[in-house]
Number of protein chains: 2
Amino acid sequence: MPEATGGTSSSERVADILLLFSDGPRTIGVTRAARELGLSKAVVHRILQSLTGRGLVAYDAASREYGLGPAAASLGSRALRDSDLRAVALPHLVDLRDRLHETATVSAKVPGGRLFLDQVVGAHEITMSVEVGRRLPLHAGAVGKCILAFSTPDEIDLALSRDLRAVTQATVVDPDRLRAELARIRADGHAASVGEREAGAASVAAPVLGRADVAVGAVSVCGPRFRLTDERIAAVVPDVVAAATLVTDALAGRATPGGPRRPAGPDSATGRSPLDRDGQSLTF
Amino acid sequence: MPEATGGTSSSERVADILLLFSDGPRTIGVTRAARELGLSKAVVHRILQSLTGRGLVAYDAASREYGLGPAAASLGSRALRDSDLRAVALPHLVDLRDRLHETATVSAKVPGGRLFLDQVVGAHEITMSVEVGRRLPLHAGAVGKCILAFSTPDEIDLALSRDLRAVTQATVVDPDRLRAELARIRADGHAASVGEREAGAASVAAPVLGRADVAVGAVSVCGPRFRLTDERIAAVVPDVVAAATLVTDALAGRATPGGPRRPAGPDSATGRSPLDRDGQSLTF
DNA sequence: CCTCCTCGTTCCGCCAAGAGGAACATCTGT
DNA sequence: ACAGATGTTCCTCTTGGCGGAACGAGGAGG
């Protein structure tokens, strides 16, 4: 696997243990965590002790297991509050909602997944509300596929080599079909999904791009399938794409001009463009 | 300092770096972080590399510094969602708000501070809204003092030996005066504050207790000073204390009896009571 | 435009922090 | 009461990673 240079394996172990709580159950025991990460129980136990001491995890005496602690909550709300992507996107989400009357969302890419950063819920009585902050897979739903489509080949390969479990009955789990879809999404500049992640729902997503035109997140509009018909999905695409483009430009510091997306390339007199550093995300 | 047994210093370093972002500025450079934690730049850099690889922190190319990443946001919303303390307290907060028409809050204690887990805002037009998730000092405000008053002597000493900067003009920064207040709070079972943390505001807080009657958090009612006069503060105290007691009991799994608070002591046939483990919080 | 200062990043050899296996203590379900 | 599993602790050996210093890239100021 492409090891990030310079890191220490012990730090990564700590991060991995923390991230175990992002997806898994509320509380996790030492043995289970050790099994899941391929570490010894002693190691996991020591790390959990340290994290408990800092309040990042808490020990649940009843179940004799560990769960996230209050410091993690603090960290997270700070991260959410500080997010450039969220702050920049929010007015555009409001605009989208006002124009389309459906729920508009921003998502961020995280290693091995994605999550909703925020939403502006629709104006209808029956509306759609997503779960902000939960880590979701990349292969299901318009947002996930959209982010994946605008990722590096390495990331795509990695994501498609995973389990690819079906979230709903409509989830595409065949790698070849997914690759074909990703190619089309990349060509179109947007993605659509009908009930792939949430049954009875549909959504349209367009990527927010960072350096090297790799997605750092996505903007989407979603709602119940009975309102988001195929025709309506096609109708909202331009608005979603436009919003995502505006967010992309604003994130990059460009003063949101009406002009076309600039092609990837060196942007000044420097011989090396600043975007071939190494695929790290910069602003989120 | 009272070192938590069993932990590894490298894990604690990772946690410390993460927590640096809880209070400090949005982005922090390697040099500054290293200075602040007393570590070498190389160590900080390596850890940040690892955390970046896992999405917990993100590199900001513009400022050449690091900030929290999307995975941290995911972690935090999960922690908030899973919080027993928050879930258990919420209905009582609604009840408090309905009865008193002022904003009701729950807070959790984190090592070296506290944070609001949630709030139910008041019914008036001019109301008070606290910042959920931000880490706040223990020496300022009713909630902070209340949590501190019901902490172990070690924790109190540690908290009072810090800087004790004045958050507002009314913040008490004299350790001796604070100790006297803490003693009174412990005797009364509740704390009050007028503009100590937020100018123009007042609040009343009562502790939510865990094992060994050490506070894991607090319930509070807060509002603008012009409505929360001294008389009204005195009037709401019983409601706040009652709510906190109910939350304490519910958290401990006891089926919320109307009975008196049970005194600290061994609770079964075991020779050693389970509460002298070592002051770890259990449920948050 | 050049210089200096500072910051982030990288390199390398020495060494103590921590990995790991196994024993111990506890609790649960049958 | 027993058996299995889980969290916790112990102890020794070794390898991961600490730290000081060198490097390269910016940015501020002259």
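Throughout, protein chains are lettered first and strands after them, A, B, ... in sequence-line order, and every chain is numbered starting at 1.
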**Request:** Find the distance Leu48(A):CG to dG18(C):C1' and express it as a whole number of Å.
**Result:** 16 Å

**Message:** So that I can tick it off, tell me whether Asp84(B) and Arg26(A) are bridged by a salt bridge, with the cut-off set at under 4.0 angstrom between side-chain N and carboxylate O.
**Reply:** yes

**Message:** To the closest 0.5 Å, what do you measure between CD (Glu131(A)) and CG (Leu136(A))?
**Reply:** 7.5 Å

**Asked** Quick one: is dG8(C) close enough that its OP1 or OP2 comes under 4.0 Å of any side-chain N or O from His45(B)?
**Response** no

**Message:** Side chains of Glu12(A) and Ser9(A): any donor to acceptor distance under 3.5 Å?
**Reply:** no

**Asked** Once you round it to whole Å, what is the distance between P of dG16(D) and CD of Gln49(B)?
**Response** 19 Å

**Request:** Taking only Lys NZ, Arg NE, NH1 and NH2, and the carboxylate oxygens of Asp or Glu, determine whether Asp60(B) and Arg64(B) approach each other closer than 4.0 Å.
**Result:** no

**Asked** Taking the side chain of Tyr66(B) as its heavy atoms from C-beta onward, which of dG16(D), dT6(D), dT9(C) lies nearest to it?
**Response** dT9(C)

**Request:** Rounded off to whole Å, could you give me the CD1-to-P distance for the Ile28(B) and dG8(C) pair?
**Result:** 11 Å

**Message:** Pairing donors with acceptors under 3.5 angstrom, does anything connect the side chains of Thr52(B) and Gln49(B)?
**Reply:** no

**Message:** Salt bridge or not between Arg32(B) and Glu65(B)? Use side-chain N to carboxylate O under 4.0 Å.
**Reply:** no

**Between P of dA5(D) and CD of Glu65(A), the distance in whole Å** = 16 Å

**Message:** With side-chain contact (heavy atoms from CB on, under 4.5 Å) as the test, pick out the partner of Ile147(B) among Val208(B), Leu138(B), Val214(B).
**Reply:** Leu138(B)

**Message:** Generate the contact string for nucleotides 18-24 of chain D. Rules: B means base contact, S means sugar-phosphate contact only, - means no protein heavy atom under 4.0 Å.
**Reply:** BBB----

**Asked** Do Thr8(A) and Ser11(A) have a side chain donor and acceptor closer than 3.5 Å?
**Response** yes

**Message:** With each end axis built from five pairs of C1' atoms, what bend angle do you get for the helix from dC1(C)-dG30(D) to dT30(C)-dA1(D)? Round to 10°.
**Reply:** 60°

